[in-house]
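To find a chain, count down the sequence lines: A is the first, B the second, and so on, and within it residues start at 1.
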Amino acid sequence: MNEPTKVDPLPEIQPAPGGIAARARAAAAPPYLAGLNAEQRAAVETLDGPLLVLAGAGTGKTRVLTTRIAHILSLGRARPAEILAVTFTNKAAREMKERIGRMLGQTVEGMPWLGTFHAIGVKILRRHAELVGLKSDFTILDVDDQIRLLKQVLEAANIDEKRWPARLLASLIDGWKNRGLTPDRVPAGEAASFADGRGAKLNAAYQDRLKVLNAADFGDLLLEGIRLFREHAAVLAQYQARFKYTLVDEYQDTNVAQYLWLRLLGQGSKNICCVGDDDQSIYGWRGAEVDNILRFEKDFPGARVIRLERNYRSTAHILAAASHLITHNEGRLGKTLRTDEDPGEKVTVTGAWDSEEEARSIGEEIEALQRDGHKLNEIAILVRASFQMREFEDRFVTLGLPYRVIGGPRFYERAEIRDALAYLRCVASPADDLAFERIVNVPKRGLGDATLQALHDHARARRIPLMEAARALVETEELKPKPRTALRDLLAAFNRWHVAREALPHPELAEIVLDESGYTEMWQKNRSADAAGRLENLKELVRSMEEFENLQGFLEHVALVMDADGGPNADAVSIMTLHSAKGLEFDTVFLPGWEEGLFPHQRALDESGHAGLEEERRLAHVGITRARRRVKIFFASNRRIHGMWQSSVPSRFLDELPEAHVEVAESKGGFGWGGFTSRFDMMEPFASDYETPGWRRARDRMRAEEARETTGAGTPRGSRRQFRREPLTIEGELVAKSTGAVSAYATGERVFHLKFGYGDIVSVDGNKLTVAFDKAGEKRVVDSYVERS
DNA sequence: TGATGCTGCGTTTTT
DNA sequence: CGCAGCATCA
């Protein structure tokens, strides 16, 4: 450890006579314990020592967490400010606050340490910023800023940004930070992989730049905290003494940095309670370590493990399907979900000819549900990849079926919001170079590259912020008259706003800044379709500022939260990815796209092998367990990927469902199973042990058709084997990339295609054919999908 | 500075 | 195919 650091004491905890602690203690027989089952109750009441709560889907995880906090408070074991409770998302933190408040009959203002890892990380870091080379008002960079900064670093190092993109470096650095690695600890080999061995230097340079800018990226909020604790024992001791209890939500999603951070803090009281579900770990690709949860008992000696397996959400059939599927995973702690619910409806599996029919089919089922009085709000379509959403949107628009897409481009990611925030950041802290750079020429003021370059040179030479450099520069002859005037005007404006900050309420200030800067006008003049929406967003932003005490508080919130407020409450079907569905529940859940290559996703398999497959399977498990009453799985035999039709094989996950709880349904959308007829053999590698009556019927029918067909047209044997051996998505990709490959087909030839029927080849481009089909019109297809007729 | 065309890429997302 | 990001030209 370093020399002892003088540490300011943490703020005294004010005794609050009417506060929640006192109030909670006053309640004699804790009503909150009533209604918990035995395991839940044990999880709430086991207060001393490390505890891992393995909470399966729908087993009351959040309830346990909040009740536990209420319990600690009501027993007087700790005061609100002595409990550290961390979540991943702001939404989860908000919900927890609300629930505790409801439980104890008041809002929980007294829980300053309930928040996301990052929010709590910033809070700690700001108090001790100078110990890690920052000032307490450091800015938090978003991904955009980070990339821009890295571009500058790359440029300064004379590295060709096309060969070594800033994005790639950013993801490497993020990865290192996720693993708790400060630049000096990054394995040399890994760092060397970037830009011919210069990765480590660039990482260090980036870190230096951050310090000069008085800024921290998201990773730093934790990593610098870890460094702080490691290098300043007194600071760490202070927090260890403060936190009597630590609670962690979604522990399966923690990365190494978060784990280290937690371990440092939790070592004080040892009363650390982590709640999670290894079967719902779906964020491995962004650094989450399932290992953290699998290793818990080793890492925290004397730990107790409590399993919550009693599910209060889904019917027995749904639970059985999900449970059986997940047993195919090897690396798991093992839980068995059970319920007293009715068996309910079986999980259905429906095959569709193509993705259009899949959408049509689902649309019809939804309309049928609607006619039976089901709320659209209780229906969700969960897809693996967002491109799948479009098909549903198109279909629902034609049907006039209300829907909402969850998790589209986020409010804060929109350009106009980022621009507006950049203006406000400049007003609040004139030294925020990245913000200044973003808006210096937005709207256009004639301040182009040349001006910016001059500013940069001046700033770097003198080690001063850009805005200050600008002030100096407008007094010289260095700039051309036009940019000089423009820049002077802008600086004068910032001066005005900076002064006005003292006098005006901050939402009003924001309005003035946006108007006077010409930013609002820029969008008013813009006649593109989305300009109106953008102006609306800006208004929304200003409105949302009212909730905060001052500009500083607002910007702080925004840097961390950047949450759009909930949309309208209209009755609508929800369409979202499986990832964003985690934590939600619906009566009816549609799961389309269960095809090899899409789900499990080819890329997950290619890049992460067996671990990737298991994560995909957990994703399937998450999808099924979102449903209370109905799960409807679909797959399509043909799907358009990158503009070309590819045929596909049903997902192996279908074979991993327990047949007793699954029913194979007929597609209601039109052709139904017809699509499989001529290529049913593609399914064999996966269909071997899938035997339900409906399935068997369908397969027999296909076999019959198959036999009929092969005797007739005589499919070339070789191409058939190809189909079977190589998943077509892969083949499609390979084929698409092999530029030299010349097709065996020629213009004018007559061919047969599974989806489109007969047609004449119009043109040949490598192995891509343009075919004029008799019925379907002109389409582009890969040659391996047609045969000569 | 702004418009236009070309190239490359195409899973999941929070803070 | 459709989009985003970049490069080039007017």
Side-chain angles (χ1 to χ4, degrees), chain A residues 86-93 115-122 140-143 146-147 151 161-162 165-167 171 174 177-178 216-223 250 253-255 257-258 281-288 382-390 406-410 412-413 415 441-451 482-483 486 556-563 576-583 593 597-608 612 615-616 618-620 622-623 639-646 729 732-733 736-737 768 770 779-781:
Chain A
V86 279
T87 63
F88 274 86
T89 62
N90 294 292
K91 193 169 155 226
T116 62
F117 276 100
H118 295 269
I120 294 171
V122 187
I140 300 163
L141 301 195
D142 61 29
V143 191
Q146 198 189 1
I147 302 274
K151 275 189 182 162
E161 226 238 280
K162 263 174 283 169
R167 287 207 153 275
S171 69
D174 264 358
K177 288 186 175 176
N178 283 160
D217 64 21
F218 280 117
D220 285 341
L221 299 184
L222 287 165
L223 193 55
E250 307 274 22
D253 287 338
T254 49
N255 60 37
Q258 287 156 342
S281 162
I282 55 174
Y283 285 110
W285 49 273
R286 65 175 198 212
L382 310 182
V383 298
R384 172 66 246 261
S386 40
F387 77 83
Q388 292 173 261
M389 296 185 190
R390 237 185 109 164
I406 312 255
R410 251 165 288 285
Y412 63 86
E413 277 168 9
N441 201 30
V442 180
K444 300 273 180 276
R445 300 187 172 89
L447 300 169
D449 281 347
T451 315
K482 246 200 258 168
E556 172 89 27
H557 166 84
V558 144
L560 288 170
V561 178
M562 296 177 152
D563 238 351
M576 70 188 94
T577 63
L578 286 159
H579 282 91
S580 36
K582 196 170 84 152
L598 177 57
F599 192 38
H601 200 280
Q602 193 59 48
R603 211 143 151 183
L605 303 182
D606 290 347
E607 283 167 18
S608 318
E615 183 153 312
E616 295 286 297
R618 290 193 291 266
L619 205 46
V622 165
R639 191 173 289 278
R640 199 160 53 174
I641 295 172
H642 310 329
M644 265 176 295
W645 285 95
Q646 315 257 217
T729 29
E733 244 173 64
K737 272 173 193 160
K768 284 164 244 163
T770 304
K779 306 272 178 190
R780 268 164 74 82
V781 296

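Taking the six-membered ring where the residue is Trp, A/H118 and A/F218 present perpendicular rings, their angle passing 60° and hence far from 30°.
When all heavy atoms are compared, the tightest approach of A/P483 to A/T451 is CB-OG1, 3.7 Å. In terms of heavy-atom proximity, A/L578 sits nearest to A/V622 at O-CG1, 4.3 Å.
Residue A/T89 places its side chain closer to B/dT14 than to any other of B/dT14, B/dG2, C/dC1. Considering only the side chain of A/V143, B/dT15 comes nearest among B/dT11, B/dG2, B/dT15. Here the nucleotide nearest the side chain of A/R603, chosen from B/dT11, B/dT12, B/dG2, is B/dT11. Listed candidates were B/dT13, C/dG2, B/dT11. Nearest to the side chain of A/R390 is C/dG2. Of the candidates B/dT12, B/dG2, B/dT11, the closest approach to any side-chain atom of A/H601 belongs to B/dT11.
Stacking is not found between A/H118 and the pyrimidine-like six-membered ring of the B/dT15 base under the 5.5 Å centre-distance and 30° plane-angle cut-offs. For the pair A/F88 and B/dT14, the ring geometry does not qualify as stacking, because the centroid separation below 5.5 Å and plane angle under 30° are not jointly satisfied.
Between the side chain of A/R384 and the base of B/dT12, at least one donor-acceptor pair of N or O atoms lies under 3.5 Å.
Summarising the geometry, the separation between OH on A/Y283 and P on B/dT13 is reported as 7 Å, rounded to the nearest angstrom. When the P atom of B/dT15 is taken as reference, atom CD of A/Q258 falls 12 Å away, rounded to whole Å. For A/L221 and B/dT15, the CG to P distance is 12 Å, given to the nearest whole Å. Rounded to a whole Å, the CG atom of A/L141 is 19 Å from the P atom of B/dT14. Straight-line distance from the CG atom of A/D174 to the P atom of B/dT13: 16 Å, rounded to whole Å. Atom CZ in A/R639 sits about 13 Å away from atom C1' in B/dT11, given to the nearest Å. Between the P atom of B/dT14 and the NZ atom of A/K177 lies a distance of 20 Å, rounded to the nearest Å. One interatomic measurement links the two molecules: CG of A/L382 to P of B/dT12, which rounds to 14 Å at whole-angstrom precision.
Interatomic distance, CD1 of A/I147 versus CG of A/L141, reported as 11.0 Å (0.5 Å rounding).
No engagement by A/E616 is indicated, since no non-hydrogen atom pair under 4.0 Å with the nucleic acid exists. No engagement by A/G121 is indicated, since no non-hydrogen atom pair under 4.0 Å with the nucleic acid exists. Nucleic acid contact for A/L605: none, since no nucleic acid atom lies under 4.0 Å from a heavy atom of the residue.
Contact annotation: A/K151 side-chain N/O to C/dC6 OP1/OP2 distance is under 4.0 Å. In this model, the phosphate group of B/dT13 is approached by a side-chain N or O of A/T577 to a distance below 4.0 Å at OP1 or OP2. Contact check, A/R286 against B/dT14: no side-chain N or O comes under 4.0 Å of OP1 or OP2. Residue A/K162 has no polar side-chain atom (N or O) positioned under 4.0 Å from OP1 or OP2 of C/dC6. Within the structure, a side-chain polar atom (N or O) of A/N90 is placed less than 4.0 Å from OP1 or OP2 of B/dT15.
Judged by distance alone, with hydrogens and angles left aside, the side-chain atoms of A/E250 form no donor-acceptor pair with the main-chain N or O of A/T87 at under 3.5 Å.
Rounded to whole Å, the P atom of B/dT12 lies 15 Å from the corresponding atom of C/dG5.
Heavy-atom nearest nucleotides on DNA chain B were determined for A/N441 and for A/E615, and the one closer to the 5' end corresponds to A/N441.
Using a 4.5 Å cut-off on side-chain heavy atoms (C-beta onward), A/H601 and A/L619 make no contact.
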